[in-house]
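Reviewing the structure listed below.
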Amino acid sequence: AFANAKGNNFKKMKEILKNKGIQRKQVPEYKKLYLELGVNKETEEEITKYTKRALLALKNLSDEKSRNILIWLANQMLKRKS
């Protein structure tokens with residue numbers, strides 16, 4: 001988010017760190033900011049990257065039933081949007 005933030009947006013992002021979060025009433029404002037900065041897209045890309053790593057690691061799990069359950073769970077999490 002910081003890489004894409006400039007001016008007032010950069011200042012707002014710094015405030016999040018300084019204040020260790022935001023207040024509930026600020027959520028709509030920061031949601032809009034995150035969408036403008038593409039944070040949601042970056043987050044989805046990271047989720048996909050790490051889920052693919054997890055799926056590769058599951059190939060080594062010898063218990064087929066457990067492996068299949070975990071693969072199903074990982075794929076469900078990839079489909080999740082909230």
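In this text the structure is predicted, and so the values were computed from the model without any measurement. FYI, the numbering just counts along the sequence from 1.
Clustering ILVMFWY residues whenever any of their side-chain heavy atoms sit less than 4.5 angstrom apart, transitively, puts M13 in the very cluster that holds V27. The same ILVMFWY cluster, assembled from side-chain heavy atoms under 4.5 Å apart, contains both I22 and F10. Hydrophobic cluster membership differs between Y50 and W72, with clusters built from Ile, Leu, Val, Met, Phe, Trp and Tyr side chains linked at under 4.5 angstrom. Tracing side-chain contacts under 4.5 Å through hydrophobic residues (I, L, V, M, F, W, Y), one reaches I16 starting from L33; they form part of the same cluster. L55 and L61 fall within a single hydrophobic cluster, where Ile, Leu, Val, Met, Phe, Trp and Tyr are joined by side-chain heavy atoms under 4.5 Å apart, directly or via other members.
With rounding to the nearest 0.5 angstrom, the CD atom of E15 is 8.0 Å from the CG atom of N8. Distance NZ/K14 to NZ/K11: 9.5 Å, rounded to 0.5 Å. To the nearest 0.5 angstrom, L70 atom CG is 5.5 Å from L58 atom CG. Interatomic distance, CZ of R67 versus NZ of K59, reported as 10.5 Å (0.5 Å rounding).
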Report task. Output, in order, the C-alpha distance, side-chain angles, deciding distance and verdict of side chain to side chain contact (heavy atoms under 4.5 Å, CB included) for N75 and T51. Result -> CA-CA 8 Å; N75 286 321; T51 303; 5.7 Å; no

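Side chain of N19 to backbone of G21: no donor-acceptor contact under 3.5 angstrom is found. Judged purely by atom type and a 3.5 angstrom limit, Q26 uses its side chain to pair as donor or acceptor with the backbone of Q23.
Counting heavy atoms from C-beta outward, L37 and E42 have side chains that stay 4.5 Å or more apart.
Atom NZ of K49 has more than 12 neighbouring heavy atoms from other residues, nucleotides or ligands inside a 6.0 Å radius.
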